[in-house]
There are 2 protein chains.
Amino acid sequence: MANAFVEKLRGYASLTEADATILEAACSTQRNVAARHDLIREGDKPGSVFVMLEGWACRYKILPEGGRQITAFLMPGDFCDMHVSVLQEMDHNIGTLTPARVASIPRARMEELIDTHPGITRAFWWTQLVDEGILRAWIVSMGRRKSSARVAHLMCELYVRMRNVGATTGDSCEMPLSQIVLADALGLTSVHVNRVFRKLRLAKIMELRTGSLIISDIERLAQIAGFDDNYLHRRGAAAV
Amino acid sequence: MANAFVEKLRGYASLTEADATILEAACSTQRNVAARHDLIREGDKPGSVFVMLEGWACRYKILPEGGRQITAFLMPGDFCDMHVSVLQEMDHNIGTLTPARVASIPRARMEELIDTHPGITRAFWWTQLVDEGILRAWIVSMGRRKSSARVAHLMCELYVRMRNVGATTGDSCEMPLSQIVLADALGLTSVHVNRVFRKLRLAKIMELRTGSLIISDIERLAQIAGFDDNYLHRRGAAAV
DNA sequence: CGCGTTTTTGAAGCCCCTCAAGTGTAGTGG
DNA sequence: CCACTACACTTGAGGGGCTTCAAAAACGCG
């Protein structure tokens, strides 16, 4: 059974069975990490590349006044910057949100993979471009969408990303994020996020239970969000 | 005299003189583009990689309701995604803001450079990581900074980026951006951007004339912004 | 069960938006 | 040189979306 990382990269056409096996092996160094634990902190010298195998993490920054802004969610299958080691130091933190299982690919092994396996390298490029697309989509959301659309858009994105790694069951998926965490990602307060979820729940569009998201009316959700999944660059993707 | 692109990559230690010459040559295919002209549109199949030599451009998205969100400014020396060609189609637009001079590096030439010049390849990685850092910094700004801090932060960023390509003169630099354009980048209205600039001007902190930015009190500006330039990853950078 | 955290709801206020009108300013053509 | 046009900038008034502050209820975990 392939891990979520390999599963995700398989969604990209050029990854062969042989490549998948090699990737699987590259993730052999694994460790369990508790929830709310930083994998790497701002100012640290980047070393190995992390791969999320189980559990969720996020990239975040803390502001001088104490506020937190999450800039990305890392779910099973996601990994962190194939070339970070080029940088002298990290400009943000990465921390777990749930208990997680994380693989580390040493810098040398990464470079070896890149040098010798063009298919894997292309798959890495692809994930990096998708991650950039997600960053841009977040900027669009924060800049020009009102709170309901912003919440709806994030839920659409996370649902589709979970589906892309085969982690959805029908119209629901695992989503171990508190409203506080979502607020820190959306640039809202948890109080307001709560009111938005209340409205969407009463409108029978979606519901956020502890640990999971249930979407009852994905069409209306996508419509409220103005969601177009093109930025996730799934090969042969069907529209939502 | 090296072009702005080579000048920028030189800021990254590993670029040798020989590499610089090769890069310069790779930019030999140039063309002039009028202001307000799209270099590439959402849905297009990416081909060559663009390099900005003169003038400014931006990445942007248009929302269903007609609003525009700018997700990045491209200034002289910036280039666009070394691996875009991996994607089937663009998920956003890139358009000029001023008359510009743009180089195109064909996909094949890019791959050749990457295969044969590790120093150049590392410099490309570096610019990509800086661009990602900028995207994250924008998310932090839009999510957690109030309008004055947000405007101040963007001005700090653009000033430092201009300085990194040697395009500043003392405490001022070229900045051919209208308040409307800035508003579309900041997630604010141009009316409010105008009021913020008025306040900062009256406080004798900075002034935006047509075409240029003059910073009178960079320390207070950086303080208002909560600006830390670490995310721009300048080698041996001095603090602001 | 008890405690910490998250969720939920209310009330008041502010930041930024919307709408609107008037004032520059640069470019064009007579 | 001055209409004329098209934008961008500027300023005011009013409103709404989201925040802040506060407190109670519900949840989850040892």
Can you tell me if R144(B) uses its side chain to pair, donor with acceptor, with the backbone of R68(A) under 3.5 Å?
yes
Could you check whether R201(A) gets within reach of a base, just the sugar-phosphate, or nothing at all, counting any heavy atom under 4.0 Å?
sugar-phosphate
Euclidean distance, L188(B) CG relative to N194(B) CG, rounded to 0.5 Å
12.0 Å
Check the distance between dC18(D)'s P and R145(A)'s CZ and give it to me in whole angstrom.
14 Å
For a quick check of understanding: with a heavy-atom distance under 4.0 Å over all strands, which category does G187(B) fall into, base, sugar-phosphate or nothing?
sugar-phosphate
How long is the span from the CE atom in M142(B) to the OG atom in S141(A), to the nearest 0.5 Å?
10.0 Å
Could you tell me whether the phosphate oxygens of dC7(D), OP1 or OP2, come under 4.0 Å of any side-chain nitrogen or oxygen in Q179(B)?
no
For the side chain of N194(A), starting at C-beta, report the closest nucleotide among dA8(D), dC17(C), dT7(C).
dT7(C)
Atom CG of L202(A) to atom C1' of dT8(C): distance rounded to whole Å?
12 Å
Under 4.0 Å, heavy atoms only, any strand: does S190(A) hit a base, just the sugar-phosphate, or nothing?
nothing
I need the NZ-P distance between K146(B) and dC14(C), as an integer number of Å.
12 Å
May I ask you to evaluate whether S147(A) reaches the phosphate of dG17(D), defined as a side-chain N or O under 4.0 Å from OP1 or OP2?
no
Expressed in angstrom and rounded to an integer, what is the separation of H192(A) atom NE2 from dG17(D) atom P?
9 Å
Between dC16(C) (P) and K199(B) (NZ): distance, integer Å
8 Å
Taking only side-chain N and O atoms of R198(A), does any of them lie within less than 4.0 angstrom of OP1 or OP2 on dT8(C)?
no
Measure from CZ on R150(B) to P on dC15(C) and round the result to the nearest Å.
13 Å
Anything under 30° is parallel, anything over 60° is perpendicular, the rest tilted; go ahead and classify H153(A) against Y231(A).
parallel
Rounded to whole Å, how long is the line connecting atom CG of L188(A) with atom P of dG17(D)?
14 Å
As a test of reading the structure: which of dT19(D), dT8(C), dG28(D) is closest to the side chain of T189(A), going by heavy atoms?
dT19(D)
Taking the side chain of I180(B) as heavy atoms from C-beta outward, which of dC27(D), dA8(D), dC18(D) is closest to it?
dA8(D)
Have a look at R36(B) and say if it touches a base, only the backbone sugar-phosphate, or nothing, with a 4.0 Å heavy-atom cut-off.
sugar-phosphate
I'd like to know if R195(B) reaches the base of dG12(D) with its side chain, counting only an N/O donor and acceptor under 3.5 Å.
yes
Which of these nucleotides, dT10(D), dC17(C), dT20(D), is closest to any side-chain atom of V191(A)?
dT20(D)
Matching residue for C27(B) among V102(B), V6(B), N3(B) - test: side chain to side chain contact (heavy atoms under 4.5 Å, CB included)
N3(B)
Tell me: CZ of F197(B) to P of dG24(C), nearest whole Å?
21 Å
